[in-house]
Amino acid sequence: MKNEISIADLYKIQPIGREITISGWVRTFRSNRFIALNDGSTAANFQCVVDFEKFEDSLLKRITTGSCVRVKGIVTKSLGKGQPIELQVQTIEILGDSDAEKYPLQPKKHSLEFLREIAHLRPRTTTFGAIFRIRHHLAFAIHEYFNKNGFFYIHSPIITASDAEGAGEMFNVSVLDKRNIPLTENGEVDYSKDFFGKEANLTVSGQLEAELLAMGLGKVYTFGPTFRAENSNTARHLAEFWMIEPEMAFYELKDNMDLAEDFLKYIIKYALTHAADDLAILDQRLAEEEKSKPADQRSMPLLEKLKFVTENAFQRITYTEAIDILLQSPYHKKKKFQFPVEWGIDLQSEHERYLVEKHFNSPVIITDYPAAIKAFYMRLNDDGKTVRAMDILVPGIGEIVGGSQREERYDVLLSKIRQFGISEESLWWYLDTRRFGTCPHSGFGLGFERLVQFVTGMSNIRDVIPFPRTPGNCEF
RNA sequence: UCCUCCUUAGCUCAGUUGGUUAGAGCACCUGACUGUUAAUCAGGGGGUCCCAGGUUCAAGCCCUGGAGGGGGAGCCA
C-alpha cells in the first residue's frame with residue numbers, strides 16, 4: 001500500500017504533531033498562505049499553511065486553482081475556525097501545473113449545464129465528487145444486500161441476438177463493411193455474413209437470461225450496462241445506463257414487492273450512514289436551489305425525504321384502485337389532467353405524479369396492470385385481463401422499479417407470445433424453461449441512475465453518471 | 001420525435017423604442033496587504049453579440065433558415 005495518507009483518513013485520525021505527506025488538487029490558494037487541498041477521498045478540503053517567506057515566489061506562483069501538488073509537513077490544530085486541523089507545510093512539490101487563465105473551473109458556483117460540457121473535469125468539483133462517491137456506495141450496498149440474502153451475482157450477455165424483449169430500439173452490433181453491405185435475394189441485409197451469422201444487438205435487458213439462471217441457482221441478480229437506442233431527450237433517460245435485475249425462483253408477486261421494498265430501504269440506509277458528509281453537501285445544494293422556487297413547488301429536503309422513505313411503509317395499491325383514486329381526485333373533477341383517465345390507459349407522468357406527490361406523498365407500489373399495456377412475460381391473473389406486474393414510483397423521479405411475477409405456465413406464455421406477435425422460434429430457450437420443471441418466479445428491474453438521482457436529489461440523470469450517452473452526445 | 005424557452009467576455013448575466021466606442025460581478029494579469037475560509041483593496045487586459053442569409057441610412061435588438069442547450073411531453077429504467 002502507498003505510504004501516503006488520504007484526507008479522509010487524516011480527518012478521522014487527526015494525527016496532531018505527526019509529519020505526513022499528502023497529494024491532491026488545489027481548490028484555492030488564499031492570501032498567498034492557505035492552500036485548500038482536495039484529494040477526492042472526501043468532500044472536505046484540507047488546509048495547508050504555507051509560510052510564504054520560506055518559499056520561492058516562482059514556486060508559490062505555480063500553486064493555482066486546478067494544479068496538483070504533493071506537500072509534506074506537520075499536522076497541527078488549526079488556528080482558523082473553518083477546520084479542526086491543518087498542515088504546517090515544510091516542502092511543496094508541484095506534480096502538475098494548471099494555467100489559471102485557461103483552467104475552466106473557478107472557486108465559485110458553476111451551472112450544471114456548463115459542468116456537463118467539461119465532464120472530464122467535473123469530478124474535481126465538490127458536487128460531483130459527492131455524487132460519484134455516493135454512486136459508489138450505492139453500488140456497493142446493492143452487492144452487499146444481495147450477498148447477505150443468498151443471491152448470486154450473474155453476468156447476462158451484453159451482445160444478444162434476440163430482439164424479443166420488446167423493451168425499445170436497439171443498437172445494432174455488426175462488423176459488415178458499411179460501404180458494401182451484403183444483401184439477400186429479397187434486398188434485405190444478409191446477416192448470415194455477419195460476425196455471429198445472425199443479427200446481433202446490444203442488450204436492452206438481462207431479464208430473460210436472468211430467469212434462466214434463477215431456474216437453476218434459485219436467487220440471482222444482474223448488475224450491468226444496458227443500451228437503448230430510443231430518441232429520448234429527457235432528464236431521466238440515457239442511451240447507456242446501468243440496471244439491477246434480481247430474479248427469484250418460487251417468489252410470487254407479494255414476495256417480490258416485499259423484497260424490492262426491503263432492498264430499497266437497505267441501500268438508502270446504507271448511503272445515509274456511509275455517505276453522510278456527501279449527502280449533507282447535496283442536501284444543502286438542493287436547499288439553495290429550492291429557495292428560488294415558489295413555496296408550493298418546493299420538494300421535501302433531501303435528507304428528510306430519504307429518512308422518510310426508510311422509515312415508512314410504501315403504499316401498495318392495484319392499478320384499478322389507482323384509476324379510482326384518479327377519477328375521484330379534485331384534479332380530475334377540475335379537468336386539470338391533460339390526458340383522460342379511464343381503466344385500461346397507461347398511466348401518464350401527470351397521473352403518477354399526482355398519486356405519488358399529491359395523494360400519497362410517499363413511494364407507491366402499483367400492481368395488477370391491464371395485460372394489454374404490459375410485457376408478454378408477466379403472469380396473467382385469474383380475471384384474465386390483468387397481470388401480476390408491479391411498478392414502484394417515487395417522488396420526483398417517477399418509475400424507479402418495474403417488475404412482475406413471470407408467466408410460468410407454458411400454454412399461457414405461448415399464447416401470449418403469439419398474441420404479441422413475437423417469433424416463438426427466437427425464444428425457444430425461454431419457452432424450454434416452462435417445458436422442463438417450470439416454477440413460479442418473479443423479479444424486477446431497477447434503473448441504477450434513477451436510484452442515484454433519487455438519493456442525490458439531482459434532477460438531471462446526466463449528472464449522476466460520469467460520462468452520459470444521450471442522442472447526439474458521445475463525448476469523452 | 002413534439003411543444004416551449006434560451007444562446008452577448010473564461011463563467012453567471014444586464015443591454016431601454018433599431019442609433020455614437022457593447023457593460024457588470026466573478027475569474028485572469030499587475031501591485032498593495034498577509035491567519036485566510038469563494039480573503040480584501042487599487043489598477044489592467046479580455047468580445048466571430050451561436051451560425052448563414054435578409055430588411056434598414058443604421059441590427060446584439062426585427063424577419064427567415066440552421067446549430068447547440070434548458071424545461072415539459074412521448075417512449076421507458
Side-chain angles (χ1 to χ4, degrees), chain A residues 27-37 44-53 60-61 64-66 76-83 86 88 98-118 121 125-126 165-169 203-207 224-245 293 338-339 346-353 373-375 391-394 397-403 444-454 459-465 470-473 475:
Chain A
R27 288 289 173 80
T28 62
F29 184 32
R30 287 186 296 271
S31 297
N32 217 18
R33 187 189 287 277
F34 303 102
I35 303 172
L37 199 67
N45 297 329
F46 188 59
Q47 175 153 289
C48 303
V49 184
V50 178
D51 185 348
F52 51 80
E53 287 173 345
L60 296 176
K61 280 222 177 310
T64 57
T65 299
T76 62
K77 243 188 114 177
S78 178
L79 295 174
K81 284 181 181 159
Q83 55 284 318
E86 63 192 17
Q88 303 302 325
S98 176
D99 185 339
E101 203 168 352
K102 290 178 184 149
Y103 185 61
L105 291 173
Q106 301 159 15
K108 69 170 225 176
K109 196 175 150 76
H110 287 291
S111 68
L112 295 172
E113 292 81 16
F114 171 66
L115 292 173
R116 223 170 276 153
E117 288 169 19
I118 50 165
L121 297 173
T125 64
T126 304
E165 285 95 337
E169 294 294 310
T203 183
V204 290
S205 162
Q207 183 205 310
T226 307
F227 308 88
R228 304 268 169 96
E230 294 287 355
N231 190 11
S232 297
N233 293 287
T234 80
R236 54 186 191 285
H237 287 89
L238 291 166
E240 175 184 287
F241 63 100
W242 290 70
M243 190 150 67
I244 297 103
E245 294 177 291
K293 289 186 188 168
Q338 197 188 327
F339 293 88
D346 212 348
L347 296 177
Q348 302 290 322
S349 287
E350 57 173 357
H351 304 142
E352 296 183 349
R353 280 197 119 88
I373 60 170
K374 287 291 183 184
D391 284 359
I392 302 185
L393 312 178
V394 295
I397 313 287
E399 186 180 341
I400 196 167
V401 163
F444 62 84
L446 168 73
F448 184 53
E449 281 75 18
R450 289 198 183 166
L451 173 73
V452 182
Q453 267 191 284
F454 183 70
S459 55
N460 195 313
I461 201 166
R462 297 164 196 206
D463 295 329
V464 299
I465 187 168
T470 53
N473 193 345
E475 196 63 51

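Quick caveat: nothing in here was measured; it's all calculated off a predicted structure. Atoms considered below: every heavy atom in the structure, side chains included; atoms not considered: hydrogens, waters and symmetry mates. Below, read A as the first sequence line, B as the second, and so on, with proteins coming before strands; counting in each chain starts at 1.
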> A52(B) and C41(B): how far apart are their C1' atoms, nearest whole angstrom?
Replying inline: 47 Å
> For U12(B), does OP1 or OP2 lie under 4.0 Å from any side-chain N or O of Ser111(A)?
Replying inline: yes
> Asn32(A) has an atom CG; how far is it from atom P of A39(B), in whole Å?
Replying inline: 13 Å
>> Measuring only the P atom in each nucleotide, how far is G60(B) from G44(B)? A whole number of Å is fine.
In response: 27 Å
>> Can you measure His110(A) atom NE2 to A38(B) atom C1' for me and round it to whole angstrom units?
In response: 10 Å
> What pairs with Glu113(A) under side chain to side chain donor-acceptor pair (under 3.5 Å), at least two apart in sequence or on another chain?
Replying inline: none
>> Strictly below 4.0 Å, N to O, side chains only: are Lys374(A) and Asp391(A) in salt-bridge contact?
In response: yes
> Under 4.0 Å between a side-chain N or O of Arg30(A) and OP1 or OP2 of A39(B)?
Replying inline: yes
>> Please give the distance between the P atoms of A14(B) and C33(B) as a whole number of Å.
In response: 39 Å
> Heavy atoms under 4.0 Å, any strand shown: does Glu86(A) hit a base, just sugar-phosphate, or nothing?
Replying inline: base
>> Taking the minimum atom-to-atom distance to the side chain of Lys108(A), which one of C76(B), U36(B), G10(B) wins?
In response: G10(B)
> When the distance from CG of Leu347(A) to P of C76(B) is rounded to whole Å, what number comes out?
Replying inline: 12 Å
> Touch check for Ile397(A), heavy atoms < 4.0 angstrom, all strands: base, sugar-phosphate only, or nothing?
Replying inline: nothing
> Would a distance-only check, ignoring hydrogens and angles, find a side-chain to backbone donor-acceptor pair under 3.5 Å from Ser78(A) to Gly80(A)?
Replying inline: yes
>> Return whichever of Lys61(A) or Thr28(A) has its heavy-atom-nearest nucleotide of RNA chain B closer to the 5' end.
In response: Lys61(A)
> Listed by chain and number, what are the ring pair (Phe, Tyr, Trp, His ring centres under 6.0 Å) partners of Phe114(A), not counting sequence neighbours?
Replying inline: His110(A)
> Rounded to the Å, how far apart are Ile461(A) CD1 and C75(B) P?
Replying inline: 17 Å
>> Only Watson-Crick and G-U wobble pairs with both distances less than 3.5 Å should count. Give RNA chain B in dot-bracket notation, marking inter-strand partners with |.
In response: (((((((..((((.....[...)))).(((((.......))))).....(((((..]....))))))))))))....
>> Quick check: any donor-acceptor pair below 3.5 Å linking the side-chain of Glu101(A) to the base of G10(B)?
In response: no
> If you look at every strand shown and take non-hydrogen atoms under 4.0 Å, does Glu399(A) touch a base, only sugar-phosphate, or nothing?
Replying inline: sugar-phosphate
> What interatomic distance, in whole Å, is found between C1' of G47(B) and the corresponding atom of C11(B)?
Replying inline: 14 Å
> G45(B) and A27(B): how far apart are their C1' atoms, nearest whole angstrom?
Replying inline: 13 Å
> Is there a donor-acceptor pair closer than 3.5 Å between any side-chain N or O of Thr203(A) and the backbone N or O of Ser205(A)?
Replying inline: yes
> Just how far, in rounded Å, is C1' of U37(B) from CG of Asn45(A)?
Replying inline: 10 Å
> Expressed as a whole number of Å, how far does the P atom of G43(B) sit from that of U16(B)?
Replying inline: 28 Å
>> List the residues meeting ring pair (Phe, Tyr, Trp, His ring centres under 6.0 Å) with Phe46(A), not counting sequence neighbours, and say none if there are none.
In response: Tyr11(A)
Write out a two-atom table: protein N or O, nucleotide N or O from nucleotides 68-73 of chain B, distance below 3.5 Å.
residue, atom, partner, partner atom, Å
G70(B), OP1, Arg116(A), NH1, 2.7
G71(B), OP2, Asn460(A), ND2, 3.4
A73(B), N6, Asn233(A), O, 3.2

> Okay, side chain of Thr234(A), backbone of Arg236(A): is any donor-acceptor separation there less than 3.5 Å?
Replying inline: yes
> Once you round it to whole Å, what is the distance between C1' of C75(B) and CZ of Phe227(A)?
Replying inline: 19 Å
>> Whole angstroms only, please: what is the NZ-C1' distance between Lys102(A) and G10(B)?
In response: 12 Å
>> Rounding to an integer number of Å, can you tell me how far His351(A) NE2 sits from C75(B) P?
In response: 11 Å
>> Roughly how many Å apart are U34(B) and G15(B), using the P atom of each and rounding to a whole number?
In response: 42 Å
>> Walk me through whether Ser111(A) and Arg116(A) qualify under side chain to side chain donor-acceptor pair (under 3.5 Å).
In response: CA-CA 9 Å; Ser111(A) 68; Arg116(A) 223 170 276 153; over 6 Å; no
> With Asn231(A), which residues qualify under side chain to side chain contact (heavy atoms under 4.5 Å, CB included), at least two apart?
Replying inline: Asn233(A), Pro471(A)
> Considering only the P atoms, how many Å lie between A9(B) and C61(B), rounded to the nearest integer?
Replying inline: 15 Å
> What nucleotide, of U12(B), U36(B), G35(B), holds the atom closest to the side chain of Gln83(A)?
Replying inline: U36(B)
